[in-house]
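Below: the structure, in structure tokens.
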Amino acid sequence: MTLRIFNVLGREKQDFVPLNEGHVNMYVCGPTVYDNSHIGHAKTYVAFDVITRYLRATGLDVLYVQNITDVGHLLDSGEDRILKKAAQTQAKPMQIVETYAKAYFDAMDKLGVQRPDISPRASGHIPEMFKMIETLLEKENAYVSNGSVYFDVSSDPNYGKLSNRRLQEQEAGTREAVRGEKRNPEDFALWKRAEPEHILRWDSPWGEGFPGWHIECSAMALKYLGATFDIHGGGIDNIFPHNESEIAQSECANDAEFARYWILVGSLTVDGIKMSKSLGNFITIDDALKQFPAPVIRYFMQSVHYSNPVDYSDDAMNGAARGWERLANAVRLARQMGRSAPEGSEGIAFEERLGTLRADFTAAMDDDFNTPQAIASLQEFTRDVNTFLNSGTAIGRITLDAILDTYEATAGKVLGILPSPEADSGSAQREAALIQMLIDLRVQARKAKNWAESDRIRNELAAIGVILEDRADGTVWKVG
RNA sequence: GGCGACGUGGCCAAGGGGUAAGGCAAGGCUCUGCAAAAGCCUGAUCACCAGUUCAAAUCUGGUCGUCGCCUCCA
């Protein structure tokens, strides 16, 4: 079975064949760091995190580049969004950038998103952009106008091939101020002349200015991944004009195909509508983490295929939380049983079921990273695991470890949704020992049928977040 | 107006020509001092209409509806 990917370029599912066998070069459009990251970012970057993890799990060597945009883009008011924020907070632009770049990485770390191999910043690649712009000028794909440089869309017959947009059909609704400088309204800026009040500015062959809206990705992708690379990712909302323009610039400048596979992620809405500050439905990742643990958020994001839009709502999140809980409980039970299990391989016949789960999981992921299907496989598997663990038959350490290894290889390493293991630190061990002492006391009370005392211990532990569950073979605990 | 996605049981959501995965919720049951956890059982003909076909939720055309993009956006 080979991996198949829905290539937005061409809109069909294709066998994935890397340019260089065994290696995958991937570029994903990163965030503009001018504010806290929200759950829409979480959806996109969790998706590419899982994609990267899966590619690596299949043995591919992935080089994952994701930019940090820190040069600002124009707002429709004509203001630069980073400058706008800087004015609001009386801070220097680069202070804003630094603050939110850190916040972005913090948020991603908390979500268990593995960091890209390279996180290049636009502001550090101005020379690379110059070079590409100059090439485009030499080849007459671009022209200078009043201190700015524009890409001449009419010079690229392929413009529109990703988004299926043909020029004539678009509204010519560009801002008045800029329209006069362009030959065609559809032309986009490679370099923009800086007005006097513009703080973020660089010297350039065309005067002081700042980079256009799309050139950074083209320049950085070229630098780190080469003219042609395997996968370009991002949010579907950037398909036009951003991704389309990236392709145009790069393919005209490099005389080579740009990205071979385009993977674009569906957007996230909140209660059915797009997040926006003015609507007050803007949910940051930190807000979400106050309500739900990271694995639940990941589970939720992956319960819908990456290419589909997902709607964030209390009902959906609570459903995801309960569903995740079921998987997590089975894993935690297996871990607990492992601590007191006999060393042997009793119950090893269950291994056959481990094999089918791995096969089902792989088949699902090979089919365009079908995480909802993969999770369904895990849920069915978990039903069988629960039946097995609760069957009362002796289960040896080797068998329990095999079950846990299987969870780790699928839900853990690839999906990143396993509950964190109980820490091995000294204080955690002390805590566990104390809890065990209380459990032992309660066992005495239960033997004496002292239900009041038994319930008191359980309730008081519950109040501090330790949940006790009585099983036929003893009492287990978990942090709730 | 143009481009694109989508409409599957109360909710979330896979599938996508051969007769509807999975999760949540609900009800019943088993286990159980109670609780929790876990397991078992119960439910949809796939927005609507018209075609193609031996066969359609899956293909084609149309209708209605929802969402996103077309200006920065993950």
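Since this is a predicted model, take the numbers as computed values, not measurements. Note on naming: letters A, B, ... go to the chains in the order of the sequence lines (proteins, then strands), and numbering restarts at 1 for each one.
Within the shown strands, nothing qualifies as a pairing partner of U32(B) under the Watson-Crick or G-U definition with both distances less than 3.5 Å.
The aromatic ring of Tyr45(A) does not sit over the base of A74(B), since the test of centres under 5.5 Å and planes under 30° is not met.
Across all strands, Thr387(A) comes closer than 4.0 Å only to sugar-phosphate atoms, never to a base (heavy-atom distances). Within the 4.0 angstrom heavy-atom criterion, base atoms lie near Lys274(A). Leu268(A) comes within contact range of at least one nucleobase, with a heavy-atom separation under 4.0 Å. Counting any heavy atom pair closer than 4.0 Å across all strands shown, Val265(A) reaches no nucleic acid atom. Gly234(A) comes within 4.0 angstrom of the backbone, heavy atoms only, and of no base. Here Gly30(A) lies in heavy-atom contact (under 4.0 Å) with sugar-phosphate atoms only.
Salt bridge status for Glu244(A) with Lys161(A): absent, with no side-chain N to carboxylate O gap under 4.0 Å. Between Lys102(A) and Asp106(A), no side-chain nitrogen of the basic residue sits less than 4.0 Å from a carboxylate oxygen of the acidic one, so the salt-bridge criterion is not met. For Glu325(A) and Arg332(A), the salt-bridge test passes: some basic side-chain N is under 4.0 Å from an acidic carboxylate O. Taking a cutoff of 4.0 Å between a charged side-chain nitrogen and a carboxylate oxygen, Asp368(A) and Arg4(A) do not qualify as a salt bridge.
For residues 453-478 of chain A, proximity to RNA chain B is found at Ser454(A), Asp455(A), Arg458(A), Leu468(A), Glu469(A), Asp470(A), defined as any non-hydrogen atom under 4.0 angstrom from a strand atom.
Between Asn308(A) and the phosphate of A5(B), there is no side-chain N or O to OP1/OP2 separation shorter than 4.0 Å. Under 4.0 angstrom from either OP1 or OP2 of C3(B) there lies no side-chain N or O belonging to Asn164(A). In this model, the phosphate group of C73(B) is approached by a side-chain N or O of Asn238(A) to a distance below 4.0 Å at OP1 or OP2. A sub-4.0 Å separation between OP1 or OP2 of A37(B) and a side-chain N or O of Asn390(A) is absent. Not one side-chain nitrogen or oxygen of Asn370(A) sits closer than 4.0 Å to the OP1 or OP2 atom of A14(B).
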Check your understanding: Once each nucleotide of nucleotides 17-31 of chain B is scored for protein heavy atoms under 4.0 Å, what B/S/- sequence comes out, 5' to 3'?
Key -> ----BSSSS------
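In terms of modelled atom types and a separation under 3.5 Å, the side chain of Thr356(A) and the main chain of Arg353(A) share a donor-acceptor contact. Remark: the backbone N or O of Val153(A) is paired with a side-chain donor or acceptor of Asp187(A) at under 3.5 angstrom.
Leu404(A) has its side chain within reach of Arg335(A): a pair of non-hydrogen atoms, C-beta onward, lies under 4.5 Å apart.
For Arg11(A), the listed nucleotide lying nearest its side chain is G4(B); candidates were C69(B), G4(B), C34(B).
When the C1' atom of A37(B) is taken as reference, atom CD of Gln336(A) falls 12 Å away, rounded to whole Å.
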Review point. Given the rule in the ring pair (Phe, Tyr, Trp, His ring centres under 6.0 Å) test, do His125(A) and Tyr224(A) qualify, once you have shown the distances and angles that lead to the verdict?
Key: CA-CA 11 Å; His125(A) 296 77; Tyr224(A) 298 108; 5.5 Å; yes
